[in-house]
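Heavy atoms only: backbone and side chains are in, while hydrogens, waters and symmetry mates are out. Order of the sequence lines sets the chain letters (A, B, ...), proteins ahead of strands, with each chain counted from 1.
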Protein chains: 2
Amino acid sequence: MSKRPTSRDVARVAGVSQSTVSLVLAGKAEGRVKPETGQAVREAARRLGYRPNLAARNLRLGRTRTVLFVVPTLVSPIFGAVYTGAARVARDRGFGIVVHPWDDDATPARSPVDIEAIDGVLASSLGGGVAGFGDVPIVVLDNDPADPAPSVNFDVAGGMRAITRHLAGLGHRRLGHLAAAVDTWTFHVRAEVLTETGALTGREHCAIDVAAAREAALALLDRPDRPTAVVCDDDLIAAGAYKAARHLGLDVPRDVSVTGFDDILVASALEPELTTIRLPAERLGARAMAALLERLDGHAPPDVSLPGELIVRGSTAPPRR
Amino acid sequence: MSKRPTSRDVARVAGVSQSTVSLVLAGKAEGRVKPETGQAVREAARRLGYRPNLAARNLRLGRTRTVLFVVPTLVSPIFGAVYTGAARVARDRGFGIVVHPWDDDATPARSPVDIEAIDGVLASSLGGGVAGFGDVPIVVLDNDPADPAPSVNFDVAGGMRAITRHLAGLGHRRLGHLAAAVDTWTFHVRAEVLTETGALTGREHCAIDVAAAREAALALLDRPDRPTAVVCDDDLIAAGAYKAARHLGLDVPRDVSVTGFDDILVASALEPELTTIRLPAERLGARAMAALLERLDGHAPPDVSLPGELIVRGSTAPPRR
DNA sequence: CTGAAAGCGCTTACAG
DNA sequence: CTGAAAGCGCTTACAG
């Protein structure tokens, strides 16, 4: 339980001053410290297992190398992946991430009371926008690009268009929309694109939840002018659509085609496997963190839009004659 | 972009000394500072929007109120939920969490090089144990309770026994085991319990992945002494078993019963819905963090084992005569 | 009841 | 090329 060594201990062992240790270990010794001295310092630091005290460095520099990551929920596989990508980039640059779940769409997200030492904010998928972060640099992801902050997004419109093109190509002329009852940019975009096709014959809203989606899908499917294809805002909603179809004795995809969005694990666990849009979630997190670090370096990163990929599986087929 | 106020600024505005501000705001003024003075300080702090600089406090106190959370992957819904529970408790106590993904089962987990300011460690589901954290207090979760560190666990054995009891009650005498090819405590326990039943007629290992599970399930089901029930280490593996059964023209549950473990979203997205064990993941995270905070307070928390709950759905039925 | 002062461990301008 | 020194913003023992 011996106390952790400080730069002063290293200096004593190396036979130099504490400031020299600091210089050498910060990599700022170039041309200012004799190579042998630098060697001795590094050797002593290694022997003692010295690691700089971050609290002291932060206090001195006024920066913390910590970023706040605001997400609606970590429980969704998508956000786990986004976090993973963001964390990788942060770590490579010596930054830490503090995660702050914020699932209230009606209110602007605010900094948690106990986080006052933050260099920047990454805010994901917030219905209510962001407030109360003062001058802290911010990058939004999966969020309305009209927001003044730099944004990193999935190309949601492009993904939805890929789906409608795919369905139109199969011959579908009557689409139903199972929309997520979540008031955020990404779902607004899905709805708009579908409306623009002119092929929409019905839309039901539901929570992102299998049981809720099943009920909504029943309302959509159990009527005379039944859509020949059901476009779902999310893979989980598609799972509910499958259940409704089965309940009504309809075969997927023979009697009704179903599409999802996200390509989470559920998509390939379903039977038949789900035609959906694969979103590069980990890449989104990485790009967003990179953009934030650019901002911290004083640059103005451009808005980014990452394309998804249409994954055609067994849940879509030509409509029945 | 005015500079952030310090306790010195608050002192100036309140007309007191900096030390008095510190005392009042730390809640240690009781009987040492006149009530009016305390009022004035709090008022000034509020007006200026003062919040203490954590780096300075940490440096002074030698503590960081930060906990390192080592997890195999955040992408799994289970760990997202565990994190959510842990974060809630941490926040209530003014602690932050730094997440450190560690997915190498063969090597003991070590502290990431860039994290040196940690008060404690929460280590989850590690095959290789933990090393290199020195004297930092540690609590392990979903891990071998034989580890010397205090542990917080799911009652995996109890959950598996609930499944075998359920299947035995339905009349199953030949069980197959689709085992996760992951070398951690939780999966060892599942295998042991199943072996002890004496009803096991076959076991196949596979990655926790639908496609891999499908292949393993085919090996298990496509033979003369076919098991009447397939016990899966994980809901996702069960999804693969469904696919294999369908491929072989077997109906679930008429021709073969299938069980999962975890009750993640997939379980109720499947058709028929999956009989499985629901694990209190969020509660596990909360209990683990509470135990770690107890350790930090100098106490020795007891080992904890949280029971799961058998959720009987449509994937299990009596075996065919 | 209140304040002056020391000191946590760094970084960096400055002096030599 | 190297060191003495200031100072980041706190907490807390000590003096009054």
Side-chain angles (χ1 to χ4, degrees), chain A residues 2-45 48-66 94 114-119, chain B residues 2-45 48-66 94 114-119:
Chain A
S2 66
K3 263 187 46 207
R4 177 174 155 181
T6 70
S7 57
R8 186 154 266 114
D9 297 323
V10 176
R12 192 160 15 75
V13 169
V16 299
S17 77
Q18 183 268 332
S19 20
T20 301
V21 171
S22 198
L23 237 37
V24 170
L25 267 27
K28 300 192 173 168
E30 192 59 45
R32 307 176 55 185
V33 175
K34 226 190 319 182
E36 302 93 273
T37 312
Q39 270 312 321
V41 168
R42 264 183 291 269
E43 169 64 20
L48 294 177
Y50 169 75
R51 297 205 293 189
N53 180 313
L54 287 190
R57 172 181 289 166
N58 292 342
L59 175 57
R60 174 62 225 230
L61 295 179
R63 291 181 282 103
T64 55
R65 296 188 88 76
T66 299
D114 59 327
I115 304 283
E116 36 268 315
I118 285 299
D119 284 352
Chain B
S2 67
K3 262 186 50 204
R4 176 174 156 181
T6 71
S7 58
R8 185 153 266 115
D9 298 323
V10 176
R12 194 161 11 78
V13 169
V16 299
S17 77
Q18 183 268 331
S19 19
T20 301
V21 171
S22 198
L23 237 36
V24 170
L25 265 28
K28 300 195 171 166
E30 193 59 44
R32 308 177 55 185
V33 175
K34 229 191 317 184
E36 303 94 273
T37 313
Q39 271 311 322
V41 167
R42 265 183 291 269
E43 169 64 18
L48 294 176
Y50 169 76
R51 297 206 292 191
N53 179 314
L54 287 191
R57 171 182 290 165
N58 292 341
L59 175 58
R60 173 62 225 230
L61 295 178
R63 290 181 283 102
T64 55
R65 295 188 90 76
T66 299
D114 57 327
I115 305 284
E116 35 271 314
I118 286 299
D119 284 353

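In this structure, the nucleotide among D/dC10, C/dT11, D/dG9 sitting nearest to the side chain of A/L59 is D/dG9. Nearest to the side chain of B/K34, among C/dC1, C/dA5, C/dG9, sits C/dC1. Relative to the side chain of A/S22, the nucleotides D/dC10, D/dT2, C/dT12 differ in distance, and C/dT12 lies closest. Minimum atom distance to the side chain of A/R60 is reached by C/dT11, of the listed D/dG3, C/dA5, C/dT11. Distances from the side chain of A/T6 to the nucleotides C/dC10, D/dC10, D/dG3 place C/dC10 closest. With C/dT12, C/dG3, D/dT11 as the choices, the nucleotide that has an atom nearest any side-chain atom of B/S19 turns out to be C/dG3.
The shortest non-hydrogen separation linking A/A14 to A/A44 is CB-CB, 3.9 Å.
For the atom pair CG (B/N58) and CG (B/D119), the distance works out to 8.0 Å, reported to the nearest 0.5 Å. In this structure, A/R42 CZ and A/Y50 OH are separated by 14.0 Å, a value rounded to the nearest 0.5 Å. In this structure, the separation between OG1 on B/T6 and CZ on B/R51 is 15.0 Å, given to the nearest 0.5 Å. Summarising the geometry, atom CZ belonging to B/R57 is positioned 12.5 Å from atom CG belonging to B/L59; distances are rounded to the nearest 0.5 Å. Atom CG of residue A/L48 and atom CZ of residue A/R12 lie 8.5 Å apart, to the nearest 0.5 angstrom.
In this structure, A/D9 places its CG atom 13 Å from C1' of C/dC8, rounding to the nearest Å. In this structure, B/N58 places its CG atom 21 Å from P of C/dG7, rounding to the nearest Å. One atom, CZ of B/R65, and another, P of D/dC10, lie 16 Å apart when rounded to the nearest Å. Rounded to an integer number of Å, the gap from B/Q18 CD to C/dA5 C1' is 11 Å. Atom pair A/L25:CG and C/dT12:P shows a separation of 13 Å (rounding to whole Å applied). A straight line from CZ of A/R57 to P of C/dC8 spans 19 Å, rounded to a whole angstrom. As a whole-Å value, the separation of B/Q39 CD from C/dC1 P is 15 Å. Between the CZ atom of B/R12 and the P atom of D/dG9 there is a distance of 12 Å, rounded to whole Å.
Remark on DNA chain C: of its neighbouring residues A/A26 and B/L23, the 5'-side contact belongs to B/L23, judged by nearest-heavy-atom nucleotide. When each of B/L61 and A/L61 is assigned the nucleotide of DNA chain C bearing its nearest heavy atom, the one mapping closer to the 5' terminus is B/L61.
Contact between the side-chain N/O atoms of A/S17 and the OP1/OP2 oxygens of D/dA4 is not found at any separation under 4.0 Å. Between A/K28 and C/dT11 there is no side-chain N or O to OP1 or OP2 distance below 4.0 Å. Considering only side-chain N and O atoms, A/S7 lies under 4.0 angstrom from the phosphate OP1 or OP2 of C/dC10. For C/dT2, neither phosphate oxygen OP1 nor OP2 lies less than 4.0 angstrom from any side-chain nitrogen or oxygen of B/T20.
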Practice problem: Fill in the dot-bracket string of DNA chain D, one character per base: . for unpaired, | for a pair to another strand, ( ) or [ ] for pairs within the strand, taking Watson-Crick or G-U pairs under 3.5 Å. | Solution: |||.||||||||.|||
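Of the options A/L23, A/V33, A/L25, A/V13, a side chain to side chain contact (heavy atoms under 4.5 Å, CB included) to A/V41 is made by A/L25 and by none of the others.
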